[in-house]
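Labels below follow one simple rule: chain letters A, B, ... track the order of the sequence lines, proteins then strands, and each chain is numbered from 1.
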Amino acid sequence: MIEIRDLHKYFGALHVLKGINLNVQKGEVLSVIGASGSGKSTLLYCINGLEPVQQGRVVVDGIDVHAKGTDINRLRQRLGMVFQQWNSFPHLTALENVALAPRIVKGKTRAEAREIARRQLEHVGLGEKLDAYPSALSGGQQQRLAIARALAMEPEYMLFDEATSALDPELVGEVLETMRMLAEEGMTMICVTHEMGFARDVSDRVAFFHQGVMEEIGPPEQIFTAPQSEHTRKFLANVR
Amino acid sequence: MFDYNFHWRPVMKSLPDLIDAAFLTLQVAVLAMILGIVIGLGLALVRMHLRGLPRWLASSWVELARNTPALFQLFFFGFGLGAFGLHLSPYIIVLAGLTFNCAGYLAENFRGGFQAVPDTQIRAARSLGMTAWQAYSRIVIPQVFRIVYHPITNQMVWAVLMSSLGMLVGFRELSGETQFFASRTFRIFEYFAVTAVIYYVIVKLILLGSRLLAARLFRY
Amino acid sequence: MQPSLSFFSGFTPNDLWFLAEAALRTLWISALSISIGTVLGAIFGWILYEGKLTATLTLAPVLDVFRSVPLIIQLVLFYNFAPIVGLDLDPFASGVVILTIYTAALVANVARGGIEAVGLPMRRAARSLGMTYWQDLRHVVLPIGGRAVFPAWVGVALGVMKDSALVSVLGYVELLKASQILITRTQEPFLILTLAGAFYFALSYPVSRFAASLERKWAQ
C-alpha cells in the first residue's frame with residue numbers, strides 16, 4: 001500500500017503540493033487528472049523519491065520513502081516509473097535497455113537478465129525489436145520499451161507520468177492498450193494522464209488536482225458525471 | 001628558374017631515423033592525449049560541480065590553455081620554470097606542454113558532452129534503482145564519450161601537429177630530428193618535404209583508424 | 001633560484017619597448033594574414049560548395065594538406081622553397097604567405113559550412129522572389145550563413161593569431177621570439193614569459209568570450 005500523509009512540496013518559494021493525503025491499495029488503478037502545473041507529476045516524483053519533500057510522509061509498504069535510513073535504490077525497485085519523455089537509453093539496444101537494471105541493480109546474471117528482458121519486450125509487443133536501437137523505434141515503441149524496462153524490475157507499483165502526452169496522436173493507442181493490459185493483470189498503477197477515456201474506463205478511482213490541492217477523489221462515474229467541486233466541473237468542461 | 005639540384009639520397013639514407021623519430025612523435029602525442037583526457041575530464045567535472053578555489057583553478061587552466069599559443073605553453077615549461085630552478089628534459093617539456101594544452105581543450109569538449117545528455121536520462125536510470133554512480137558510469141558517460149569521440153580524434157591530430165614544436169625546445173621527435181639532419185647536410189628543403197609527407201601519412205592513418213574504430217564502437 | 005626573481009634586475013624600460021614593438025609585429029602579421037586568408041577562404045568555401053566533383057578532386061585535397069602538416073614544417077618548407085623557384089622572400093613575406101594559405105584552408109571549411117547552413121528552402125524562397133544568383137548570395141547567404149559560422153570564424157582567427165608565433169622559426173622577431181631573445185639576455189624568464197602570455201591572453205580571452213556570448217544569443 002502507498003500512504004501519503006500531509007505532503008508538502010516547494011520549488012523555492014513555489015508551493016506545488018499543499019498537504020496531500022492519499023492511500024493507494026494493492027491492485028488499485030488510480031488516475032490523476034488536472035491542468036498542467038497542478039502538481040500531479042510532482043506527486044509521482046515525490047512517491048519514488050526523485051524529488052525531496054519539505055513536510056509530510058510517503059510510506060510504501062511500511063517504508064518511509066524520505067526517511068534518512070531508507071535504502072532508496074532498493075525501494076525504487078518496487079516502484080516502476082514511466083516518463084512523458086520516454087528516456088530510452090540511446091546507446092543500448094532494446095534488449096540491453098531492459099536487461100541493464102536487472103543485472104547491475106538486482107545482481108542477475110547476464111543470461112538471466114537477457115531472458116527477463118526478452119520476456120518483458122515480448123509482453124509489450126516488441127518481441128521483433130530486441131536488437132533495435134531506440135533511434136530505430138517510433139515514439140510509441142519507445143514508450144512501450146520504457147514500460148518493459150520498468151516491468152523488468154518486477155515492481156509492485158507502476159507510476160505513469162503523462163505517458164502518452166509527448167506522442168503523435170496515432171501512436172497513443174498502442175501505449176494506452178499496453179497500460180490497459182497491465183491494469184487487467186492486476187498491477188497497482190498511479191497514472192497521471194490527460195486521456196480522459198482511459199481514466200474513465202480503466203481506473204478504479206480518479207483524483208482531480210487543482211493548484212497543488214487534491215480537490216476531489218472518487219470512482220470514475222462520480223468524477224465524470226457528478227463532480228462535487230466547481231474546479232473539477234470547469235476542468236472537465238474544457239477538456240471535453 | 002630551376003637551377004637547384006635536388007638531392008634526395010641523404011634523406012633516403014636517414015629515412016629509418018626519421019621513421020624512428022615519427023614513432024617518438026606518436027608516443028608523446030598519445031601519452032599527452034591519455035593524460036589530457038583524464039585531466040580534461042577532471043577539469044570539466046570540477047568546473048561543473050564545484051565552487052570556489054578548485055573551480056577557479058580549473059577554469060584558469062582551461063582558459064590559459066585555450067587563449068595562449070601552444071609554443072608559449074611549451075616555453076613556459078621550458079625556461080619559465082627555470083626561474084624556479086626547475087629544469088625539465090626536452091621530452092618532459094613537450095609532454096607537459098601538450099598535456100596542458102590538450103587537457104584544456106578536451107575539458108571544454110567534455111563539458112559540452114555532459115550538457116548534451118539530458119538530466120532526464122539520469123532520472124530514468126535512478127527510477128530503476130540505479131545508484132548515482134551506476135547512472136553516471138552506465139548511462140551518462142557512454143553517451144558523453146560518443147559525443148566527444150570526434151573532438152577527441154581532432155585533438156589527437158592536433159597533438160601530433162603540435163608536437164612538432166618540440167624542435168624549438170631541443171626535442172628530437174620527427175621535426176627535431178629532421179632539423180638535426182637538415183642542418184648537417186644543408187638539404188633543408190628535401191628533409192622537410194619528406195617530413196611533411198610523413199606527418200600527412202600519420203594524420204591520415206589516425207583519421208582512418210578513428211573511423212574504423214567508430215564503426216565498431218557506435219552502432220546506434 | 002637566487003636573486004633571479006627580484007623584479008626588474010636585468011630588465012629595463014627599453015626591454016619593455018622592445019617587447020611592445022614585437023607585440024605590434026605579432027598583431028600586424030596576424031591581421032594581414034587573417035584578412036587576406038579570410039577572403040581567400042570564403043572564395044574557396046564557395047568553390048567547394050558549388051564546384052562539387054571537380055573541387056572535391058582538386059581544391060579539397062590541396063587545402064587538406066595545409067591542415068594535415070604542422071604549420072612550422074610548412075613555414076620552413078616554403079621559406080626554403082621560395083629561393084629554389086627564384087623568389088626572394090624575407091621571413092615576414094614567407095610568414096604572411098603561409099599563414100594566409102593556412103587561414104584560407106581553415107576558413108574554406110567554415111565558409112562551406114555557412115553556405116550549407118542557409119538551407120535550400122530559404123535560397124529557393126529568395127530566388128522565387130526574383131533575386132539573381134548573386135543577389136541571393138549577397139543578401140541571403142552572406143548575412144544568414146555568415147552569422148551561423150561567425151563564432152567558428154573567430155575561433156580560426158584567434159588560432160591563427162596564436163599560431164603566428166611560429167613565424168619566429170624563420171627568424172621573424174614577433175612577440176615570442178623577442179621574449180626568447182630577452183630571456184637569454186636578462187635571465188628573467190618568468191617575468192618576460194608572463195608579460196608575453198598576458199598579451200596573448202588579453203587579446204584572445206575577451207574576443208573568444210564575446211564570440212561565445214554572441215553564439216548563445218543567436219542560438220535563441
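Looking at A:Ser88, the atoms closer than 4.5 Å to chain B (heavy atoms on both sides) all sit in the backbone: N, CA, C or O. For a residue to count as touching a neighbouring chain, one of its non-hydrogen atoms must lie under 4.5 Å from one of that chain's; by this rule A:Leu50 touches chain B with backbone and side chain alike. Proximity to chain B (any heavy atom under 4.5 Å) is shown, for A:Met81, by both the backbone and the side chain.
Within a 6.0 Å sphere centred on CZ of A:Arg5, heavy atoms belonging to other residues, nucleotides or ligands number more than 12. For B:Asp119, the CG atom sits in a loose shell: 12 or fewer heavy atoms of surrounding residues, nucleotides or ligands are nearer than 6.0 Å.
Taking the salt bridge (charged side-chain N to carboxylate O under 4.0 Å, His left out) definition, one finds that A:Asp64 meets it with A:Arg57, sequence neighbours left out.
Heavy atoms only, all atoms of each residue included: B:Gly129 and A:Asn73 are closest at O-CB, 3.2 Å.
Of the listed residues (A:Pro134, A:Gly49, A:Pro90, A:Ser135), the greatest number of heavy-atom pairs within a distance under 4.5 Å of chain B belongs to A:Pro90.
Here the CZ atom belonging to B:Arg123 is positioned 13.0 Å from the CD atom belonging to A:Gln85, to the nearest 0.5 angstrom. If you take CZ on A:Arg76 and OG1 on B:Thr131, they are separated by 10.5 Å, rounding to the nearest 0.5 Å. Rounded to the nearest 0.5 angstrom, A:Arg149 CZ and B:Leu128 CG are separated by 5.5 Å.
Note that B:Arg138 lies outside the cation-pi zone of A:Phe89, set by a 6.0 Å cut-off to the ring centre and a 45° limit from the axis.
Of all residues in residues 139-149 of chain B, those placing a non-hydrogen atom less than 4.5 angstrom from a non-hydrogen atom of chain A are B:Ile139, B:Pro142, B:Gln143. Residues of residues 18-51 of chain B never come closer than 4.5 Å to chain A when only heavy atoms are counted.
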Can you give each donor-acceptor pair under 3.5 Å made by side-chain atoms of residues 125-133 of chain A, sequence neighbours left out, with the distance rounded to 0.1 Å?
none

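Taking the side chain as every heavy atom from C-beta outward, A:Val105 and B:Gln134 approach each other to under 4.5 Å.
Side-chain atoms of B:Ser127 and A:Asn48 form no donor-acceptor pair, as typed in the model, at a separation below 3.5 Å.
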